[in-house]
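So the structure is just underneath, and the comments pick up after that.
Quantities reported herein were computed from a predicted structural model and do not represent experimental measurements. A, B, ... follow the sequence lines: proteins, then strands. Residue 1 opens every chain.
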Amino acid sequence: MENNLFERILAIIKQIPKGKVATYGQVATIAGIQNPRLVGFALASQKEDTDVPWFRVINSKGEISFPAESDGFKIQYSLLINEGIIFDAKNRINLKQFSWSEVDG
DNA sequence: GGCTTGACTTACA
DNA sequence: CTGTAAGCCAAGC
């Protein structure tokens, strides 16, 4: 078990199964931290060639945390669609259906 | 060591 | 649903 929160966060995100997503709060809680921003902060530190499926991490609203005009949004959107995630007219997904449970894995 | 910022969340009005 | 406020951890200056 890594002592660094960053590596712990990344390790958890890497455990997210394909076709599912986790919220920042979800990952933060599993990581044992009380600050969901650290999750996004850790992901922001990653590179494009990272092994971490950062695109499977979204906010509690079930939507991508990037502006729809941003490239990051398009990339994450495309990657999620590629895994079977469905977005609604508001660019949001059904958390009830796609949310990840660590025990469900 | 202190202040500011950040891919956030929850609560209240 | 929209707007405001507090909480929390790490990095950068």
What is the distance from [atom1] of [X] to [atom2] of [N], rounded to the nearest Å?
X: A/Arg37; N: B/dA7; atom1: CZ; atom2: P; value: 10 Å
X: A/Asn35; N: C/dA6; atom1: CG; atom2: C1'; value: 12 Å
X: A/Lys61; N: C/dC1; atom1: NZ; atom2: P; value: 10 Å
X: A/Asn59; N: B/dT10; atom1: CG; atom2: P; value: 10 Å
X: A/Ile58; N: B/dT9; atom1: CD1; atom2: P; value: 9 Å
X: A/Ile13; N: B/dA7; atom1: CD1; atom2: P; value: 15 Å
X: A/Gln34; N: B/dG6; atom1: CD; atom2: P; value: 23 Å
X: A/Gln26; N: B/dT10; atom1: CD; atom2: P; value: 10 Å

Considering only [options], which nucleotide approaches the side chain of [X] most closely?
X: A/Pro36; options: C/dC8, B/dC8, C/dA10; result: B/dC8
X: A/Phe41; options: C/dG7, B/dG6, B/dA7; result: B/dG6
X: A/Thr23; options: B/dA7, B/dT9, C/dA10; result: B/dT9
X: A/Trp54; options: B/dG6, C/dC8, B/dA7; result: B/dA7

**Study point:** CD on A/Gln97 to CD1 on A/Ile85, rounded to 0.5 Å
**Key:**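 These two atoms lie 8.0 Å from each other.
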**Study point:** Touch class at under 4.0 angstrom, heavy-atom based, for A/Arg56 against every strand present
**Key:**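 Nothing, no heavy atom under 4.0 Å.
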Practice item. Using a heavy-atom cut-off of under 4.0 Å over every strand shown, decide if A/Leu43 touches base, sugar-phosphate, or nothing. Key: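 Base contact.
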I'd like to check [X] versus [Y] (side-chain heavy atoms, cut-off strictly below 4.5 Å). Are they in contact?
X: A/Phe98; Y: A/Leu80; answer: no
X: A/Leu95; Y: A/Ile93; answer: yes
X: A/Gln76; Y: A/Ile58; answer: yes

Practice item. Please name the pair of heavy atoms, one in A/Thr50 and one in A/Gln46, separated by the smallest distance, quoted to 0.1 Å. Key: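 The answer is OG1-OE1, 2.9 Å.
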Check your understanding: Does the side chain of A/Arg92 get closer than 4.0 angstrom to OP1 or OP2 of C/dC1 through an N or O atom?
Key ->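 Yes, such a contact exists.
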Check your understanding: Phosphate oxygens OP1/OP2 of B/dC8: is one of them under 4.0 Å from a side-chain N or O of A/Ser60?
Key ->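 False: A/Ser60 side-chain N/O out of range (4.0 Å or more) of B/dC8 OP1/OP2.
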Check your understanding: Between which residue ranges does DNA chain B form stems of three or more consecutive Watson-Crick or G-U wobble pairs, both distances under 3.5 Å?
Key ->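 Stem list for DNA chain B: B:2-6 with C:9-13, B:8-13 with C:2-7.
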Review point. Applying the salt bridge (Lys or Arg N to Asp or Glu O under 4.0 Å) test to A/Glu83, which of A/Lys20, A/Lys18, A/Arg56 qualifies?
Key: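 Passing option: A/Arg56.
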Practice item. Name the orientation class of the two ring planes belonging to A/Phe87 and A/Tyr77 (parallel below 30°, tilted from 30 to 60°, perpendicular beyond 60°). Key: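 Rings of A/Phe87 and A/Tyr77: tilted, as their planes differ by 30° to 60°.
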